[in-house]
Every structure is written in C-alpha cells, then in structure tokens.
Amino acid sequence: MTLPIPNISWTLAALFGLLGLASTSLALARRRYPERDWSELSDRTRSWWVMTGIFAAAMLLSRNISLVFFGLVSFLALKEYLSLIPTRRADRRVLFWAYLAIPLQYAWIADGWYGMFIIFIPVYAFLFLPLRMVLIGETRDFLRAAGTLHWGMMLFVFALSHLAALLVLPSSAASASGGPGLVLFLVVLTQLNDVLQYLWGKSLGRRKVVPRVSPGKTWAGLLGGVGSTTLLALLLAPWLTPFDTVHAALAGLLIGTAGFVGDVVVSAVKRDLGIKDSGNLIPGHGGLLDRIDSLTYAAPLFFHFVHYLYY
Amino acid sequence: MNGIFNRTLRWIFFNLIGRALVLLVLGVHVRGRRHLPKDGPAILVANHNSHLDTLLLMTLFPPAALRRVRPVAAGDYFLRNRLLAWFAREIIRIIPIARRGQGRRDPLRRVDEAIRRGDIVIFFPEGTRGDPERPAPLRPGIRHLMQRHPEVPVVPIWIQGAGRSLPRGEALFVPFFCDMAVGTPLQGCQAPARDCLCQLESRLHALREQLPPLHWYEEPDEAS
C-alpha cells in the first residue's frame, strides 16, 4: 500500500471542513428559528457526513478497496433499479447474470484491460442477456424486459464504472494526483453541482427548464449551478488534475451540464414509475439512485474528456 | 462443548452472515419498527413466501434479543434429514410443529411452552410459503394461540419482496430490495374466535397497502 497523495488528503480534509461549516450554520439557524421544521435538512446533513466518511475511507485505504467500493455502488444502484421497475418472474435467472456482470466489469478495470471494459456491457452483456431470456422462452413483454434491463446495465454498471476507470489512470508529470485526483475532482464537483443548482434555484429560480419532468429545476438553478461549478473547477484543477485553465473551465461546464441531464433523466424514470424517491437508503436524500443520478452522465463524459486530451 | 460450538455457529450465522445478507445483499426497509416487542412473550405474525422471511424477521432484533426469538416451523419439512434437522434445531432454533394433525397430541404444545417461557415466537399463519408474493388465507392455528394466550401481544408484520428473491421451489437467490411493515400489536382478542382471525387478516392486509406497489409479473394468463 502506498501513502495517500497529499493533495487528495487535503481535499478530503477541506470537504470535512465544509461539512463542519454546514452543520454549524444549521445549528445556528436552528437556534434562531426553533419553530421551523429542520428535520429534513438535518437528516440530509448527517447523511452527507456518513457518505463523505465512507467515500474518504474508500479513497484513502487502497486502490483495490476503492475499486470494490465502486463495484458495490454499482450493485446497490442496479438492485435499487431492478427492484423498482416492472420485472417478470420468468427473468429471475437473467437478472442473476446481470448482477454477475458487475464483478466482471470491475475486474477488467482492475486489470487495466481498457478494450474489454469499454465493450463488455454495450456489446457482450447486451447480446448475452436476451439470449438467456430466449432460453427461458417467455415472449410476453420480451422487448420491454430486455430493454429496461439493458438500460439499467448501461447507466448503473457501465456508466458508473467509469469512476473506477478514472481511478486506475496512471499519474503523469503534469499531475501527481493521477487517477484518484480525477475521481475526487469529478465526484466533488458533481455533488457540489447538485447542491449549488438547488441553492441557486431556491433563491432566484422562476422559469422552469423541464416543467413536465422535474418542476423544481429552473434556469436560474441550472445556469447559476453550472457557473459556480465551473469556478470551483478552476479552483480545484491545479490541485487534483493535469488541466490548464481552459481545460479546467471546460471540465467544469461538462460536469455541471452532464450532472443536470443525469438528474432529470432519472427523474423522468421515477415519474414514469409514479414514485418520488428511488428508495430510503439515505435519510433526507431518498434512495441511492437519487444521489448518484448525476454521476451516471457526468462519469462517462468526463472520463472520455480526460482520456481524449491526456491519455 | 457441543452447546458452545452450536451457539458460536448460531451467532456467526445470524450476526455476520445473516445481517450482511439482509442489509447489504438484499437490502430492507422497515416501517413501524417501534411496534416491535422489546421483550417476550410475544407472537410475531407474518405472511410467508420465502425461506428468507425467517431471516428477515430474526434480524429485526438486536443480537442480545435473538436468544428469545423462536420461529415456529413445519417438522415434516425441516426435520426431514439429519443435517437439515441439526441446522433447524441448533442454529435457527425452530419450534417444530406437525402440520398434518397426527391425532393424539396437541400440535401447538411446544409453542405454548415457549410463550409461557417468555419467548418471542414467529408464526406464519398461512401455514406454507405458497405462491410468491401472493397472500393466502390464514389457517386456524394462530386463532388457537390467540385464545390460549389472550394477554400476549400479537404483532402483525407484512414482508414484501422476499418471494421475488427466493421463491418457493427455486434454489437460486437473486437480490431484490425488500420492504417490511410492522403494525400495532393486537392484544387480548376477546371477540369470538372467527372475528379474531378476521381482525388479524385485515391488519395484515392494511400493512400490505402501506408498502409501495410491487411490479412483478407472473406467467401470462390465458385471458389475453
């Protein structure tokens, strides 16, 4: 095991500082307005502590622990998704194979086999799972079952696994933080982008972006969020990435916009299923999908941005 | 010596394997946890669709209370060979009952003893696991227990999703998120016996209504 890279430890320490600030202001606001209901905000803040703690531990302990952690996130996300969508009894065995694809996908990444990582789900899993369904022989709702399953595989196994693929990128002369630095940059910005879009939207949002899918999303929230995320990207990039100023700004824009799209796409799915939250795993936030929805779009796009420019 | 060995295995089975399986692999959300009894005697009554049900119910309790929790299970099924019988008796610590009345002895005798000892008894009043995720009518066994122990709280619990993960007749476990709803305990049912049963059944069905709908399709009907 190698020692954690100092820039990573410092960034994580800064995150805990930020959380401390959030908890302190919450406590002060609570004392100032004791009559208001603070329970949701306090649940949410507490969950942020837990999530940051787990993420920090996963990032600092070792590369393999980080990979197992991302694999576990994929598993929990896929399970949440498969538990929500309509499934056919006949497909139980097919779903078993779908779960089995997760350790394989992360094994290719751990092995550094880029070619396999990039086609395993979109080609092999895509071709194999319908074959397994055919062997069972149930044709009613076949297309719907195959389509919904592959959609989940793409978002929660393939797209999310790009976090792990970022992690194993080698460090270069331009950036000592290497893969872990890029993961931290992406995850911190995506999550802060969610919070910032929410705050901007709450304070001056009026015109809605996609009123039928997600009525809470306003133009002020989107633009304010993406703008502040880009500023944060400029601030964090010298610490964690090999980016120059232009690339850092582009990365911030990309993460902010992609995060928004991931969020509304998963919102559309929830609306289709008639649910508000995807689960109850994270108090104050909802399910795991509610927390990682933005990453499903941001992770692959950011990965290819980095891969194209630097590797 | 043998006792310590079995007790250790039992601790490992429930607190390490069982809890990891329930919390991480399966995932469960429990509503109404406050209605769970802190101490015995009590009767937990749940719908039954999967072998996972017992594990889900037992892991609702902290390790220290597990000693008191005893599932009532069919002797004809769980004692059918030596290995399974050892596992059922020593690790799960079932209270075996005879499902088909062999006449002479009262099949619920051992359950009565356990309740009198102050145990928390798990009872599946549908009598069998049945079709996955489909409620079955309650059999009269629970009515007898309620009448014999009117002072003992009966806690209704609805389990959803376990029948998808491990239905009857399937050996392959496939993770699905599970939901559980614990209802307010029924106590001292003084009504005529039939009404007690109806009351319990309607409580269970009300709990089922609380849970999010399960999208789970059976084989096609002939109708369409």
Side-chain angles (χ1 to χ4, degrees), chain A residues 54 68-69 71-103 129 132-133 136-142 144-145 148-149 152 156 269-270 272-283 286-289, chain B residues 19-34 49-52 56 60 129-134 158-182 207 209-224:
Chain A
I54 295 174
V68 168
F69 169 75
L72 202 60
V73 171
S74 266
F75 166 72
L76 293 176
L78 185 69
K79 187 184 68 188
E80 199 167 275
Y81 170 75
L82 291 176
S83 302
L84 288 172
I85 63 163
T87 48
R88 307 184 303 170
R89 184 177 180 198
D91 289 336
R92 281 184 77 256
R93 273 147 205 279
V94 182
L95 301 187
F96 183 80
W97 285 98
Y99 282 121
L100 215 58
I102 299 173
L129 292 174
R132 189 66 191 85
M133 291 167 70
I136 292 165
E138 178 59 59
T139 55
R140 196 161 91 156
D141 286 330
F142 182 89
R144 184 170 74 174
T148 48
L149 178 58
F156 307 120
V269 175
K270 287 188 285 184
D272 183 17
L273 293 168
I275 52 175
K276 197 179 153 284
D277 289 336
S278 65
N280 326 78
L281 188 68
I282 315 172
L288 182 63
L289 302 187
Chain B
R19 284 186 208 272
L21 191 73
V22 166
L23 294 176
L24 201 63
V25 182
L26 206 59
V28 62
H29 180 239
V30 185
R31 286 151 221 250
R33 204 182 265 279
R34 64 184 181 283
N49 292 120
S50 166
H51 283 318
L52 292 171
L56 281 166
L60 286 174
R129 281 170 295 161
D131 291 332
E133 303 300 326
R134 262 198 208 152
W158 190 266
I159 306 169
Q160 181 172 279
R164 284 204 292 191
S165 285
L166 189 66
R168 182 158 96 156
E170 296 267 3
L172 185 74
F173 165 76
V174 179
F176 277 105
F177 203 84
C178 294
D179 281 288
M180 295 172 90
V182 186
L207 289 174
E209 300 292 311
Q210 279 181 23
L211 296 177
L214 192 70
H215 303 289
W216 168 247
Y217 296 114
E218 288 290 326
E219 278 71 42
D221 317 319
E222 293 74 37
S224 51

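So that the names make sense, note that chain A is the first sequence line, chain B the second, and so on, each numbered from 1. Just the heavy atoms: all of them, side chains too, but no hydrogens, waters or symmetry mates, feed the values below.
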- prompt: Highest number of heavy-atom pairs under 4.5 Å with chain A: which of B:Pro212, B:Pro167, B:Cys178?
  reply: B:Pro167
query: To the nearest 0.5 Å, how far apart are CZ in B:Arg31 and CG in A:Asn280?
result: 5.5 Å
statement: Value for CG (B:Leu214) from OG1 (A:Thr87), rounded to nearest 0.5 Å, stands at 7.0 Å
For [X], which atoms come within 4.5 Å of any heavy atom of chain B: side chain, backbone, both, or neither?
X: A:Phe96; value: both
X: A:Leu76; value: side chain
X: A:Leu84; value: backbone

- prompt: What is the minimum heavy-atom distance between A:Leu95 and B:Phe176, and which atoms define it?
  reply: CD1-CZ, 3.3 Å
statement: In short, A:Arg92 meets B:Arg164 closest at the heavy-atom pair NE-O, 2.8 Å
query: Non-hydrogen atoms of chain A under 4.5 Å away: do they reach the side chain of B:Leu26, the backbone, both or neither?
result: backbone
field: Test item: A:Lys79 side-chain N/O and B:Val25 main-chain N/O as donor-acceptor pair under 3.5 Å
entry: yes
Heavy-atom donor-acceptor pair, A:Arg93 side chain to B:Leu172 backbone, under 3.5 Å: no
